[in-house]
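Sequence lines set the chain letters: A, B, ... in the order given, protein chains first and strands last, and positions in each chain run from 1. Values below: all heavy atoms of this structure, side chains included; hydrogens, waters and symmetry mates excluded.
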2 protein chains.
Amino acid sequence: MLKISKKADYALMALQHIASVQFGDVTPGRVVNTKEIAEEYNIPLELLAKVLQVLSKNGLIESHNGPKGGYLLARSARQITIAQILESIEGPLAITDCSHEKDGDYCMQREHCNIRTPLLKIQDSIYQLLNNMTLGDMMGGTPLITIQSPSAQGVER
Amino acid sequence: MLKISKKADYALMALQHIASVQFGDVTPGRVVNTKEIAEEYNIPLELLAKVLQVLSKNGLIESHNGPKGGYLLARSARQITIAQILESIEGPLAITDCSHEKDGDYCMQREHCNIRTPLLKIQDSIYQLLNNMTLGDMMGGTPLITIQSPSAQGVER
DNA sequence: TTTAGTGCGACCATATTGATCGGAGATCAT
DNA sequence: ATGATCTCCGATCAATATGGTCGCACTAAA
């Protein structure tokens, strides 16, 4: 339930690794290739490659071809949010379908739906939570932001 | 991504309906059967039945057999949290596998895993969010606010 | 006893995810 | 400049999870 996919897991691990290499003290600025990450974390090489390709396509990382090539963060670790990473891999994060109804399909329950509004509230809260936490926060053991439940302010209608 | 299942959706709708009938002004205390809910919200009857059975088994609602039978909330709407409902249908809500490693299988990345702690933090925050909101919060008599949201795609990168 | 209803289990279809393969493009060494 | 090698990249296949269905046993009221 509410589980994130393995691809998303791999993406988070890879980005964390790239960030720690790029901004670490040992070899700052070094590019890191797919094989290195795959071996370090026991991730299937090809699958990880695919994940990195998507991240690259979505502008989170930059790719450098050829020998000595590899990946590089496209911007600072503090400017990459968890929400961006997850959405990049798995599309818009919506806990319910009816938040992005295209004209073709719209849910049969819609007209009498009684849970739409509360669900959208919850969805929004989760998004804020994920969007307020950056890749940078995941690194140096920096304490996370604490979210406050929306039930505190009740559910408007 | 992070989408909740249809079964969970149905569970929420059904419980909301039962609660509104039970504590409503029209026919307070009336039991409501599966067919009524299924027709009201266009939910496949058998699937809804299965969902209600699970909810009953987990002590969220009480079932009454025979003619004039049906379902009834097992306790007050304010004592039933969204988290309880979701967990009842889909098992423990964990965004990552490694939060409940049984001895048999544990993740291959574990030893070098760099994202475990942050993920557990996020998971905890989401759980608090869902556990602080009750079925009672979801109700309130004015359903069906139709939100035309053209800004639904307003996420820039 | 009949009838309307729930309880319960097994079963199939489909959608999503996980994993794999072969090729294209770019860079370094010679 | 040219070949060889290493990387990125797109399309394809398999496994798993989910959504949905069917049939029958059990219970209680009329």
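- With respect to the salt-bridge test (charged N to carboxylate O, under 4.0 angstrom), the residues B:R30 and B:E36 qualify.
- For D:dC8, one of the phosphate oxygens OP1 or OP2 lies less than 4.0 angstrom from a side-chain nitrogen or oxygen of A:T34.
- With distances taken from any side-chain atom of B:L47 to the nucleotides C:dA19, D:dG19, C:dC21, the minimum falls on D:dG19.
- The side chain of A:K50 approaches C:dT20 more closely than any other nucleotide in the set D:dC9, C:dT20, C:dT6.
- For D:dT18, neither phosphate oxygen OP1 nor OP2 lies less than 4.0 angstrom from any side-chain nitrogen or oxygen of B:Y10.
- Distances shorter than 4.0 Å separate none of the side-chain N or O atoms of A:S5 from OP1 or OP2 on C:dT16.
- For DNA chain C, the residues of residues 65-73 of chain A within the heavy-atom distance limit of 4.0 Å (strictly under) are A:N65, A:G66, A:P67, sorted by number.
- The side chain of A:K6 sits closest to C:dG18 out of D:dT7, C:dG18, C:dC8.
- Between the C1' atom of D:dG10 and the CG atom of A:L52 lies a distance of 15 Å, rounded to the nearest Å.
- Protein atom CD1 of B:I89 is 18 Å distant from nucleotide atom P of D:dA17, rounded to whole Å.
- Between the CD1 atom of A:I43 and the P atom of C:dA19 there is a distance of 10 Å, rounded to whole Å.
- Between the side chain of B:Q22 and the main chain of B:P28, no donor-acceptor pair closer than 3.5 Å is present.
- Taking atom CD on B:E46 and atom P on D:dG23, their separation rounds to 10 Å, with Å as the unit.
- Separating the CG atom of A:D9 from the P atom of C:dT17 is a distance of 13 Å, rounded to the nearest angstrom.
- The closest donor-acceptor contact from the side chain of A:D137 to the backbone of A:T134 lies under 3.5 Å.
- At least one donor-acceptor pair under 3.5 Å links the side chain of B:Q123 to the backbone N or O of B:I95.
- A salt bridge is absent between B:E62 and B:R75: the closest approach of a Lys/Arg side-chain nitrogen to an acidic carboxylate oxygen does not fall below 4.0 angstrom.
- Sequence order on DNA chain C of the closest nucleotides to B:E62 and A:A8 puts B:E62 first from the 5' end.
- Aromatic rings from A:Y71 and A:H64 are positioned such that their centres are separated by 6.0 Å or more.
- Residues B:Q128 and B:N132 bring no donor and acceptor atom of their side chains to less than 3.5 Å of each other.
- Between the CG atom of A:L48 and the P atom of C:dG18 there is a distance of 13 Å, given to the nearest Å.
- As rounded to whole Å, 10 Å separates atom P of D:dT21 from atom CG of B:L45.
- One interatomic measurement links the two molecules: CD of B:Q53 to P of D:dT21, which rounds to 15 Å at whole-angstrom precision.
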